[in-house]
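For reference, the structure discussed in these notes is given below.
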Amino acid sequence: MPGEVVVRFRSDFPECAHCLFSEGRGFSATTGTRVLDQLALRYGIRRIDPLFGGLHETDRHRRALERFGGSAAGEADLSAVQELGQTYVVKTAPGVEPGVLAQELRRDPNILWAEPNYIYQTAGNARGLARLEDPGVEDETLGSGPPLTTLEARNGNALPDDPFLASSGSWGQDFPDLWGLYQIEAPEAWEHAQGEGVVVAVVDTGLDVEHPDIAANVWQNPGEVAGNGIDDDGNGFADDVNGWDFTRCSRLTFSGCLDAETKEPGPEVTDRQGHGTHVAGTIAAVGGNGVGIIGVAPKASVMPVKALSDTGLGVTGEMAQGIIYAAENGARVINASWDGPPSETMREAVEYVTRTFDAVVVAAAGNNHAPLARTRYPAALPDVLTVGATTETDAVASFSKLRRASRSCGPGRE
Ligand SMILES: [Ca+2]
Ligand SMILES: [Ca+2]
Ligand SMILES: [Ca+2]
């Protein structure tokens, strides 16, 4: 995000940095150097805001850890909670190059790291852009190989009555519409489990929560009362009955927000872009309701966490907030069908939820053709389950950057 840098102070930094700044007390008495005060003047630093609630909100994180943390939560987890309070977003005067300021901030020994508040994008965006630029881009592996598996469940049991599970060719293709489900033998797996009791967070562009094929599977926050303006369950978010919208810009581009005014985060998670709803349906569309499609886990709950704007682009800091919200409110699986440049903010959020909450972060391996794809986050992070895409003939789809780090492949073509 232009004009924004994310800064992580050392764990033992004794003061709340945004308090020092907003109260005009200056940093030098605490840091022992004048670096930060000089930079604040030179780069016109306007605000310093805690990214995850600051030191005074660590109780909130601690309560979440008690409720949803790994069974062996210990000292290391408590210190991870404490460290969340040391991450801040620094907002500068217009025209300041975030990379330059980040480099300067790292001169202060109290700062562990500093980086631009990077912009991430939905996994489909780059491919879509490539297609726009070159309509000839095709998946070279298509159109050959054996026909797909039969439409009948192999054990002879009846299939759910969702119409797209039985249809073929709806988009002009010569194979079943939901071929991917047959390819991974989902009908056989449904005999054993359908995702009952599992909360899957979809950190994305939001969700059409009233869509008839997802509504029954949308996560409900059991302790929250809608629309009373009160944070009834004390998780730090008022009226978050279905999830939370962390975005501060409705129409984000790589050069900034198109809107004149930024918006406030809030409980309304409506998807105006479509990507999040598409992903949520693939994961947990309601099965056996005679409507539409069926998800891979048709009885899982989907927690919509909106952290990407209506353009499919999102800001790293807000996406990190979304990942942490998901784990702290009970999501065991966190879906990340998006990517961006390597980021300490992203790394810390993913490490926090995977190590402290035992959550599984599932990331797209990256669908773009750029050589940089192998270093994209969160896919390249060690604790992440990275999923590449295959075609209906089990070949690796050309749009998916399958790498050594990929540990899984799932059917994926449009
Ligand atoms: Ca709440
Ligand atoms: Ca409420
Ligand atoms: Ca359905």
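Numbering of ligands and ligand atoms starts at 1, following listing order.
Below 30°, between 30° and 60°, or above 60°: for Phe27 and Phe9 the angle between ring planes is below 30°, a parallel geometry. Ring planes of Phe164 and Trp171: parallel class, angle under 30° (limits at 30 and 60°). Between Phe175 and Trp179, the ring-plane angle classifies as perpendicular under the 30° and 60° cut-offs.
Side-chain contact between Val333 and Val362: present, with at least one pair of heavy atoms (C-beta onward) separated by less than 4.5 Å. Within the 4.5 Å cutoff, the side chain of Asp162 has no heavy atoms near those of the Ile293 side chain.
Thr345 and Glu115 form a side-chain donor-acceptor contact under 3.5 Å, judged by distance and modelled atom types alone. A donor-acceptor pair shorter than 3.5 Å cannot be found between the side chains of Ser301 and Asn217. Using a 3.5 Å distance cut-off with no hydrogens or angles, the side chains of Asp49 and His18 do not pair a donor with an acceptor. Between the side chains of Asp208 and Thr277, no donor-acceptor pair is found at a separation under 3.5 Å.
Rounding to 10°, one obtains 160° for the angle at the Ca ion (ligand 1) between OD1 (Asp233) and O (Phe237).
Here Asn221 fails the criterion, with no N, O or S atom under 3.0 Å of the Ca ion (ligand 1).
Here the Ca ion (ligand 3) has protein N, O or S atoms under 3.0 Å from it, and they come to 7. Each protein N, O or S atom less than 3.0 Å from the Ca ion (ligand 2) was counted, giving 6.
Put simply, the side chain of Asp259 gets close to the backbone of Arg251: a donor and an acceptor are under 3.5 Å apart.
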